[in-house]
Every structure is written in structure tokens, then in C-alpha cells.
Asks: 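Pasting in a structure now, in C-alpha cells, and then I'll have a few things to ask.
Naming: A, B, ... by sequence-line order, numbering from 1 per chain.
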There are 2 protein chains.
Amino acid sequence: MARNRIRLSEVAREAGVSPATVSRAISQPDLLSPETLARVRRAADHLGYRPDAAARALASGRSMTIGAVMPTLDNAIFSKALQAMQAQLAEDGYQLLVASHDYSKAAEAECIRTLLARGVDGLILVGAERIAEAAQLLAQSGLPVVMTWCAPDGAPSVLVDNEHAGLLATRHLIALGHRRIGVITGATRFNDRQRGRYRGARRALEEAGLTLPPALACEQATTLAGGRMGCAQLLDLAEPPTAIVGGIDLIAIGCMVEAQARGLAIPADLSVAGIDDLDMSAHVSPSLTTVHVPTARIGTEAARMMVAILRDEPGPTTLTLPVDLIVRRSTGPAPARG
Amino acid sequence: MARNRIRLSEVAREAGVSPATVSRAISQPDLLSPETLARVRRAADHLGYRPDAAARALASGRSMTIGAVMPTLDNAIFSKALQAMQAQLAEDGYQLLVASHDYSKAAEAECIRTLLARGVDGLILVGAERIAEAAQLLAQSGLPVVMTWCAPDGAPSVLVDNEHAGLLATRHLIALGHRRIGVITGATRFNDRQRGRYRGARRALEEAGLTLPPALACEQATTLAGGRMGCAQLLDLAEPPTAIVGGIDLIAIGCMVEAQARGLAIPADLSVAGIDDLDMSAHVSPSLTTVHVPTARIGTEAARMMVAILRDEPGPTTLTLPVDLIVRRSTGPAPARG
DNA sequence: TTTTCTTTTGAAAGCGCTTTCATACAGAGT
DNA sequence: ACTCTGTATGAAAGCGCTTTCAAAAGAAAA
């Protein structure tokens with residue numbers, strides 16, 4: 001930390017007031033008379049005063065810092081949510097401290113521990129699955145926590161209905177006449193988002209009296225390459241599916257790439273639907289039918305909710321954002337029965 | 001901040017030593033006798049002691065926090081670098097404080113100001129262009145700064161030769177016999193990476209005695225959609241190019257999508273090369289010829305360099321990482337002269 | 001044995017800010 | 001005039017840790 005910085009007491013001297021007054025000018029300006037406030041502000045500007053965050057945190061017990069625990073930053077949906085979160089928090093004077101665990105529960109616990117030690121004022125988490133140790137850390141700390149994407153009932157959270165998303169995508173394909181529908185999700189272990197989407201897909205099939213043979217469901221890395229591999233696997237079956245649902249858009253796009261590389265036409269030979277609605281999904285060819293998940297808004301709303309809780313503002317503490325089917329060009333009627 | 005936390009003094013009492021000793025057990029364990037150290041550690045573990053970061057920062061003048069100023073997180077290359085950076089820093093006991101400015105210079109200055117006030121121990125920046133105010137803030141603060149991707153001579157930095165990358169991609173196309181080569185970059189204003197790549201492309205053309213007519217160079221958003229638009233623009237020319245260089249892979253992939261959507265075969269009708277080597281670039285169809293930029297390593301090395309500087313360890317303070325041409329399937333011989 | 005280091009520990013003074021608590025002084029009410 | 005508010009400011013006590021500085025206790029040197 002720069003030790004040559006202007007201190008509050010110097011501003012106080014320059015302005016001819018006590019340190020307490022300068023402190024109030026910063027954090028509770030309405031307590032001061034307009035003249036004093038102006039004088040202090042002038043002095044502060046003149047000296048280029050910047051309060052020391054560590055000292056404020058120590059003295060006030062508030063660090064104006066929120067911790068975010070993400071699975072990874074190396075995925076557009078999370079980095080996008082993060083971006084939105086940080087923009088919103090910045091607006092309210094909070095800073096974001098980021099940690100990512102790469103889908104490891106142990107690493108997640110470590111992230112939480114580190115952020116707690118860092119003295120964050122609140123924690124925003126993605127997903128609701130965590131080991132007992134992590135859960136206990138959170139409970140002990142007594143810090144406000146906002147969960148995103150998924151959460152247990154009652155906990156403050158900004159959610160999307162992942163199951164509904166899986167349902168919408170799959171129903172759409174069923175409505176188009178598909179009967180053999182493949183489902184490629186990311187690993188469902190320690191990933192309740194993917195699990196929910198998978199459940200939704202199953203439910204849609206059950207509703208329609210269809211089944212999901214084990215061969216038609218597979219788990220892959222949540223990457224384009226994973227999508228290609230999963231698609232290859234399904235297409236190599238004796239009875240390949242006529243449609244595939246990807247647990248995330250990247251997987252779905254990988255499916256399209258693989259199918260096209262094999263000379264299949266989309267959607268004539270194979271329909272593909274995703275979930276997420278990445279920016280790029282509208283721009284691939286053919287454009288991807290998907291379920292829109294308001295990723296950035298999750299970030300914004302989680303940040304808002306966090307700040308509201310910290311300020312003791314009343315308001316809903318659980319918010320479910322809608323997901324919508326976006327029909328584009330990658331899905332079409334099932335080929336006539338062969 | 002949780003006010004119910006165990007304090008250092010309580011550990012001291014439990015261990016029957018002075019607070020100073022507990023403090024040393026944490027930060028300079030070799031100063032203590034093994035027995036004392038063990039006793040203190042046992043007491044700390046037993047009570048579940050976690051030092052308060054704000055208090056440590058205030059007392060020691062070091063926050064063990066590094067600030068990173070990124071253009072955006074909504075781009076795989078930056079989020080990937082960030083991810084690597086944070087992993088490396090975590091290993092050395094540092095935390096990352098992230099701020100992004102979305103390619104706005106004013107916002108960048110504000111980011112820097114905020115991070116400085118936050119009391120970071122050092123700053124990692126992407127790119128070297130910034131307004132005078134920001135540069136002055138940095139100079140005044142006297143904090144160690146590591147720049148990445150681009151930097152002025154002499155400043156501590158982890159670089160890639162963007163110009164060379166542009167050169168490699170373009171030379172490759174020229175070697176394949178292409179003469180009309182289009183160049184689509186991201187906005188070059190306040191983006192020295194894109195500018196460098198563009199310069200490299202020009203230089204390659206000049207080397208070969210070719211020119212880059214203004215119509216064949218365009219700037220687009222650094223997204224897949226931007227690539228599609230730029231490609232559409234170039235293909236609609238009376239004399240369209242036979243090859244296109246994208247300033248980043250996402251643009252190049254957008255070009256492929258657009259060309260394929262128009263029924264063009266790649267690389268038979270149009271060659272496309274990118275720069276970055278995203279994970280997905282190897283998996284699109286056809287796979288993308290590109291220049292590999294060691295994105296994650298930039299993050300890791302920048303973090304390492306930062307820590308080395310903070311520890312006053314000797315070592316090089318500027319590191320240039322190599323970029324390599326990766327020839328894949330999206331580029332091929334120029335079509336015979338029409 | 002005495003002196004001189006070293007090594008290990010403790011006492012105490014902050015780090016720069018916030019926040020009671022107390023005080024001073026307006027103006028309002030009687 | 002005299003209390004009763006309420007508002008604006010200051011004094012001073014920390015927040016939980018680090019870090020001199022000094023002291024105590026051995027070990028090594030003389």
C-alpha cells in the first residue's frame with residue numbers, strides 16, 4: 001500500500017475541521033452543514049485525497065467488497081454474468097472479489113474460506129451444491145449469501161428454471177415430430193444446472209410417452225469439442241437420433257459442426273437445440289434454436305439483491321427469471337419415418 | 001465483516017504466548033522455536049482462527065491483493081488469462097481484484113483509481129494505451145505494474161508480438177498464392193493489440209509487393225457477428241478477396257460461417273485465417289488456421305512476474321512469448337486466376 | 001568466569017479510519 | 001428569560017493486526 005498517501009487528518013487540517021468531520025463528509029454527507037461539506041470537499045480535491053480501503057474496512061467492519069464464487073471464468077455465460085455483476089456492484093460502490101473453483105467442491109470450499117478471510121461483506125455463489133464444510137463456513141460466518149442459477153428453497157437467490165429450459169427445448173423437438181431425441185449434457189456431478197436441464201428433457205419425453213434410452217443420453221465436456229464428440233457418438237449408433245438437445249449452446253453448436261462435417265444438413269437430417277442463447281448462437285449457420293437464459297441479468301439482479309440485503313432494504317429475496325424458447329433455423333420437422 | 005470472529009489475541013491466550021508471537025507464527029514462522037510454533041498452530045486450528053485481512057493490510061501496508069484491469073471479461077481470451085492469473089496468484093497467497101472497462105479510456109482510469117484506493121499491492125494491465133490521467137495515477141502511486149499483450153519499451157511486461165502474429169497469418173496466405181487478401185480487425189482505436197496485428201498484415205503484404213486497398217480492410221466488433229458482417233461486406237465487393245485474415249479467431253470464424261451460409265466452400269472458394277487460437281478454433285469445421293497466442297500463459301507469467309517484483313526477486317522484467325502459426329483446414333491454395 | 005553474540009519472546013505503539021459520546025449553539029415553545 | 005429540542009462538530013477510543021524495540025536466555029568466545 002502506498003505509504004505516501006494523503007491521510008484523512010491532513011485533509012482535516014487543510015479544511016480546518018476535525019478528522020471526524022472529514023470522515024462524515026465521505027460517508028454521511030447529510031450530517032454536515034453545506035458550508036462545511038463544501039470546505040472539506042474542496043480540501044480533499046485539492047490534496048487529491050483517497051481514503052484507505054483497508055483502514056475503512058477495519059474501522060467500520062464493512063469492506064464494501066462482495067465475493068463471487070464461480071465455477072469458471074472460461075465460459076461465456078459466467079464471465080458475462082460476472083461482468084454484469086461487477087458493473088452493478090460498482091454502481092453501488094462495491095467491489096467484486098472473484099474466485100473460481102473449476103467445478104471442484106474442495107476448491108470451492110477453499111474459495112469461500114479465502115473470501116471470508118478477505119472480509120467480504122457478502123457472497124454471491126453460482127449453484128447450490130457444496131460440501132458440508134463449505135456450507136458450514138457460510139452458516140458460521142453469518143454473511144449474506146445470494147445464490148444464482150440454482151438454490152434451495154427459501155435462500156436468497158436469483159434463479160432460472162433449468163428444468164423448464166430443458167423441458168422447453170425438448171418439447172419443441174417433440175412438437176416437430178421427433179421421436180428419437182438425443183440429450184447431451186455437461187457433467188451432472190456437482191453441476192445442478194446441467195442436472196436440472198437433463199431432468200427437464202426427460203420430463204418432456206415422459207409427458208409425450210417417449211423414453212430416453214441410455215444410449216441416447218450422454219455427458220460431455222461443456223465445450224464445442226464436447227458437443228462434437230457427443231454428437232459423433234450418437235450419430236454412430238445403429239439408430240441415430242433425429243434430433244439432439246444440448247445442455248448448453250456450446251455443446252449444441254459442436255453438434256452442428258460435427259453433423260455438418262459429416263455431410264448432414266441441419267435441420268433436414270438432424271435438428272439441434274441448445275440452452276443458454278449465447279451471443280454467437282444467433283450467428284452460427286444455421287442459427288441455433290435455443291432457450292434464452294438471461295445470463296447478464298442474473299448477474300445484475302444478484303448484485304442488486306446483495307446490495308438490498310446489505311442495506312436492509314425490504315424486497316423479494318428470491319427471484320426467478322424467465323427462460324424462453326427461441327426458435328431459429330437449426331430445428332425442423334422430423335424426417336419422414338424410414 | 002463478521003464481528004464474532006476469533007481474534008489473534010484469543011489465540012495468543014489459548015496458546016499462552018503474546019499476540020506478537022501469534023502474528024509471527026502466521027507471517028514469519030522461522031522466527032519462532034519449533035515448539036512455540038506448534039503450540040500456536042494447534043491453538044489456532046483448535047479455535048478456527050482466520051486472520052482479518054483488513055487489519056493485516058492496515059498494519060502491514062500490504063494487502064496481498066493484486067488488481068487486474070481488463071478490457072472485458074466477455075471474451076474468452078481475457079477471461080482465460082484472468083483465470084490463469086488468479087490461479088497463479090492464489091498459489092502465492094495473493095488475491096485478485098478485477099475491474100473491466102469495456103474499451104473505454106475514461107472507465108479505465110476509473111478502474112485504476114478504484115483499485116488504487118482499494119490498496120492493491122500491484123496492478124496488472126492489459127495493453128499500454130491509457131489517458132494521461134491514468135498514467136499519472138500509476139506513476140504517482142509508485143506501485144509495481146505489469147503490462148500484458150502490449151507495453152512500451154522497458155516497462156515490466158508479458159508480451160506477445162501482435163505485429164508478428166498478423167505477419168505470420170498473412171504471409172501464410174500469400175505463400176498459398178493469394179493476392180487479394182481482406183483484413184478484418186476489431187476497432188483499432190484504444191486497442192493496441194488489434195492495431196499491431198493490422199500492422200503485421202500490412203507489412204506482410206508490402207513485403208510481397210502487394211497492397212491493401214481500403215475496401216479490403218475493415219473494422220468490426222470482435223465477435224462472431226462482427227466477423228460475419230465484415231465478411232459479407234468483403235464478399236459483396238465487385239472483386240472479393242480470395243482470403244481473409246481475422247484480427248481474432250472469433251471474427252475469422254464469423255467469416256467462415258458467413259461464407260458457408262452463402263454456399264462458398266472453405267478453403268476452396270475462400271481461405272480464412274485467424275489469430276488467437278481459441279479452444280474452439282480447432283473444432284469448428286473446417287478447423288481454423290490461426291496464430292496461436294499463449295493466452296493462459298500470459299496470465300500465469302504476468303502473475304509470476306508481479307510476485308517476483310513484489311518480493312524483490314531478480315529476474316527479467318520483460319518477457320515476450322512466442323506466437324506460432326497453426327495451419328489447419330481453413331486455408332488452401334488460391335483459386336486459379338479467373 | 002565474564003563478555004559478546006544469537007535466538008526467542010514480549011510490550012507497546014501505531015496503521016488510517018469510524019463511531020460513540022459529549023458539547024455547543026441555534027431556534028422553538030412556554 | 002429559560003428550558004427543550006435538534007443540528008453540527010469535536011475528542012477520543014478503538015477496529016485487529018504488524019512491527020519496532022527491548023529484554024531474557026542460552027551459546028559461543030575470551
Asks: Keeping B/Thr148 on the side-chain end and B/Leu125 on the backbone end, is there a donor-acceptor pair under 3.5 Å?
Replies: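 Yes, because the side chain of B/Thr148 sits within donor-acceptor range (under 3.5 Å) of the backbone of B/Leu125.
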
Asks: Tell me which donor-acceptor pairs under 3.5 Å the side chains of residues 66-79 of chain B have, and how far apart each pair is, sequence neighbours excluded?
Replies:
from: B/Thr72; atom 1: OG1; to: A/Gln83; atom 2: NE2; distance (Å): 3.3
from: B/Thr72; atom 1: OG1; to: B/Asp74; atom 2: N; distance (Å): 2.9
from: B/Asn75; atom 1: OD1; to: B/Ile77; atom 2: N; distance (Å): 3.0
from: B/Ser79; atom 1: OG; to: A/Leu73; atom 2: O; distance (Å): 3.3
from: B/Ser79; atom 1: OG; to: B/Asn75; atom 2: O; distance (Å): 3.2
from: B/Ser79; atom 1: OG; to: B/Ala76; atom 2: O; distance (Å): 3.3

Asks: Atom CD of B/Glu35 to atom P of C/dT7: distance rounded to whole Å?
Replies: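 To the nearest whole Å, that distance equals 15 Å.
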
Asks: Could you tell me how far apart B/Asp30 (CG) and C/dT6 (C1') are, to the nearest whole angstrom?
Replies: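 Rounding to the nearest Å, CG of B/Asp30 and C1' of C/dT6 are 15 Å apart.
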
Asks: Considering residues at least two apart in sequence or located in another chain, which fulfil the salt bridge (charged side-chain N to carboxylate O under 4.0 Å, His left out) criterion with A/Arg130?
Replies: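 Per chain and number, A/Arg130 pairs via salt bridge (charged side-chain N to carboxylate O under 4.0 Å, His left out) with A/Glu108.
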
Asks: Give every residue pair that meets the salt bridge (Lys or Arg N to Asp or Glu O under 4.0 Å) criterion with at least one member in residues 86-97 of chain B, sequence neighbours excluded.
Replies: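 Passing the test, one end in residues 86-97 of chain B: B/Asp92-B/Arg311.
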
Asks: Which residues satisfy the side chain to side chain contact (heavy atoms under 4.5 Å, CB included) test with A/Ile131, sequence neighbours excluded?
Replies: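 Testing A/Ile131 for side chain to side chain contact (heavy atoms under 4.5 Å, CB included), a comparison that skips the adjacent residues, returns A/Lys105, A/Ala109, A/Glu133, A/Ala134.
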
Asks: Tell me, for nucleotides 18-25 of chain D in 5' to 3' order, what letter each nucleotide earns: B for a base near a protein heavy atom under 4.0 Å, S for only sugar-phosphate near one, - for neither?
Replies: BBB-----

Asks: Examine C/dT7: is either OP1 or OP2 under 4.0 Å from a nitrogen or oxygen in the side chain of B/Ser33? Give yes or no.
Replies: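 The answer is no; no side-chain N or O of B/Ser33 sits under 4.0 Å from OP1 or OP2.
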
Asks: Rounded to whole angstrom units, what separation is found between the CG atom of B/Leu58 and the P atom of D/dC17?
Replies: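 One finds 12 Å between P of D/dC17 and CG of B/Leu58, rounded.
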
Asks: Between P on D/dC17 and CD1 on B/Ile6, what's the gap in Å once rounded to a whole number?
Replies: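 My rounded result for the distance is 10 Å.
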
Asks: By side chain to side chain contact (heavy atoms under 4.5 Å, CB included), which residues pair with A/Ala106, not counting sequence neighbours?
Replies: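 Result, side chain to side chain contact (heavy atoms under 4.5 Å, CB included) vs A/Ala106: A/Ser104.
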
Asks: Under 3.5 Å, side-chain donor or acceptor atoms of residues 23-33 of chain A against the rest of the protein: list the pairs with distances, not counting sequence neighbours.
Replies:
from: A/Ser27; atom 1: OG; to: A/Ser23; atom 2: O; distance (Å): 2.9
from: A/Ser33; atom 1: OG; to: A/Thr36; atom 2: N; distance (Å): 3.3
from: A/Ser33; atom 1: OG; to: A/Thr36; atom 2: OG1; distance (Å): 2.6

Asks: Would you say B/Glu129's side chain and B/Asn191's backbone share a donor-acceptor pair under 3.5 angstrom?
Replies: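 Confirmed, B/Glu129 side chain pairs with B/Asn191 backbone.
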
Asks: Applying salt bridge (charged side-chain N to carboxylate O under 4.0 Å, His left out), can you list everything that pairs with B/Arg297, at least two apart in sequence or on another chain?
Replies: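 Per chain and number, B/Arg297 pairs via salt bridge (charged side-chain N to carboxylate O under 4.0 Å, His left out) with B/Glu301.
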
Asks: Atom CZ of A/Arg5 to atom P of C/dG16: distance rounded to whole Å?
Replies: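 Whole-Å distance recorded here is 9 Å.
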
Asks: Find the bend of the helix from C/dT1-D/dA30 to C/dT30-D/dA1 as the angle between its two terminal axes (five pairs each), to the nearest 10°.
Replies: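 For the helix from C/dT1-D/dA30 to C/dT30-D/dA1, the axes at opposite ends meet at about 40°.
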
Asks: Given C/dC17, C/dT9, D/dC17, which nucleotide is nearest the side-chain atoms of A/Arg7?
Replies: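 Among C/dC17, C/dT9, D/dC17, the one nearest the side chain of A/Arg7 is C/dC17.
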
Asks: What is the separation between atom CG on A/Leu37 and atom P on D/dT7, rounded to the nearest whole Å?
Replies: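 Checked: the CG to P distance equals 17 Å.
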
Asks: Which whole-number value in Å describes the distance from A/Met64 CE to C/dG16 P?
Replies: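 So the two atoms are 21 Å apart, to the nearest Å.
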
